[in-house]
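Lettering of chains follows the sequences in order, A, B, ..., and the numbering in each one begins at 1.
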There are 2 protein chains.
Amino acid sequence: MSVHEHSHERDELTRNQGLVLDTLDDAKGPLSAYSILDRLRGEGFRAPLQVYRALDKLMEFGLVHRLESLNAFVACRQDECGAHGTIAFAICEKCGMVAEFTNDEVAHLLEDWARSEKFELAKTTIELRGLCEACTA
Amino acid sequence: MSVHEHSHERDELTRNQGLVLDTLDDAKGPLSAYSILDRLRGEGFRAPLQVYRALDKLMEFGLVHRLESLNAFVACRQDECGAHGTIAFAICEKCGMVAEFTNDEVAHLLEDWARSEKFELAKTTIELRGLCEACTA
DNA sequence: TGCCATACGTTATAGCATAACACAATTGAT
DNA sequence: ATCAATTGTGTTATGCTATAACGTATGGCA
């Protein structure tokens, strides 16, 4: 039983979207679009656009996130995917682990800044790079 | 008189580093490495690595920042460049304007999270995407 | 049934970044 | 002054990331 049964039901996804989401769900860490492509060649994928188009939709649904500092993608690991405006990531530069977390206080502070500057906020990216607990030892 | 007279003196930079920094200083907004390259062909630049190597050093000195969500670079506009651990950016998706700001409270909250998770924080990326005041009108 | 919106498949191309190698300039200790 | 180590440079080649532009297929719905 996957994490993604709730917000968008599995069967609302197209075949390509489902395959891409499964691939990300199965992966231990983030994947680049091209490595998703390679893992799906057996399913008939042949071109990057098949992956990118599915990813665009999955991100729109809030089921997948893009890690900007990595040019890679992860399946959302949170309950209530897509319910959160702002999600932060901690990325281990040694083992590739990605932790996903929310912090409403941070989100509000940034929203306050935006409001004070009359900046119409569409999306917030927060990415922490460093070493996870296991890798510092 | 440039913003960059203080932390690293201009003459501590190599010719290539100085040219790249000047280009970014003169630019209104962020530039990709390749557009920096094109602007410096007249100065003898011929290959991307000449730009990337200079950028790496300038980022190390804190004189230039990389915008992860744009794959582009900006000259630091703050006083005391490089003195700040965490800088946030607001990027207008219409006009390309970039505002650079710091918020110690946000930085501390993220540091607190890292500490509580025993995550050894090396670098924090915060990027706000949206529309600037001028472009919402 | 016919229309419209969305998804799909394919080819080609554009844009971003680094590997690997050779050479030059600088520093700095002996 | 010399040698060695480090840092910066120039160059070629290559790899990774992303999208444009075209046409076809599919599904919902008036």
Query raised in the report: Sequence neighbours excluded, which residues qualify as ring-ring contact (aromatic ring centres under 6.0 Å, His included) partners of A:Tyr34?
Result: none
Query raised in the report: Whole-Å distance between D:dC22 P and A:Leu49 CG?
Result: 14 Å
Report task. Please state whether the phosphate of D:dG10, meaning OP1 or OP2, lies under 4.0 angstrom from any side-chain nitrogen or oxygen of B:Gln50. Result -> yes
Query raised in the report: Using a cut-off of 4.0 Å on non-hydrogen atoms, how would the nucleic acid contact of B:Arg53 be classed: base, sugar-phosphate, or nothing?
Result: base
Query - B:Glu68 side chain to B:Thr125 side chain, donor-acceptor N/O pair below 3.5 angstrom - result: no
**Report entry** Check: A:Pro30 and A:Val74 side chains under 4.5 Å, non-hydrogen atoms
**Finding:** yes
Query raised in the report: Just wondering, do A:Leu55 and A:Leu24 contact through their side chains at under 4.5 Å, heavy atoms?
Result: yes
Query raised in the report: Over how many whole Å does the gap from B:Glu43 atom CD to D:dG10 atom P extend?
Result: 12 Å
Requested in this report: For the side chain of A:Tyr34, starting at C-beta, report the closest nucleotide among D:dA18, D:dT19, D:dG8.
Outcome: D:dA18
Query raised in the report: For A:Ile36 and D:dT17, what is the distance between atoms CD1 and C1' respectively, to the nearest whole Å?
Result: 12 Å
Query raised in the report: Which two nucleotides bound the region of DNA chain C that has atoms under 4.0 Å from heavy atoms of chain B, read 5' to 3'?
Result: C:dC16 to C:dA20
Query raised in the report: B:Asn71 side chain N/O closer than 4.0 Å to the phosphate oxygens (OP1, OP2) of D:dA18?
Result: no
Query - Whole-Å distance separating the CD atom of B:Gln17 from the P atom of D:dT7 - result: 12 Å
Query raised in the report: Atom CG of B:Asp56 to atom C1' of D:dT7: distance rounded to whole Å?
Result: 14 Å
Query raised in the report: Relative to the 5' end of DNA chain D, which residue comes earlier, B:Pro48 or B:Phe45, by the nucleotide with the nearest heavy atom?
Result: B:Phe45
Requested in this report: State, without any angle test, whether B:Thr136 and A:Glu120 hold a side-chain donor-acceptor pair at a distance under 3.5 Å.
Outcome: no
Query raised in the report: What is the distance, rounded to the nearest whole Å, between atom CG of B:Leu13 and atom P of D:dT7?
Result: 16 Å
**Report entry** Euclidean distance, atom CZ of residue B:Arg46 to atom P of D:dT12 [Å, nearest integer]
**Finding:** 8 Å
Report summary line: Per nearest nucleotide of DNA chain C, the residue lying toward the 5' end, A:Lys57 or A:Gly44, is A:Lys57
Query raised in the report: Between B:Phe101 and A:Trp113, what is the ring plane arrangement, given parallel below 30°, perpendicular above 60°, and tilted in between?
Result: parallel
Query raised in the report: OP1 or OP2 of D:dT17 sitting under 4.0 Å from any side-chain N/O of A:Arg66?
Result: no
Query raised in the report: How long is the line joining OH of A:Tyr52 and P of D:dA21, in whole Å?
Result: 18 Å
Requested in this report: For A:Asp38, enumerate each residue passing the salt bridge (Lys or Arg N to Asp or Glu O under 4.0 Å) test, keeping only those at least two apart in sequence or located in another chain.
Outcome: A:Arg41
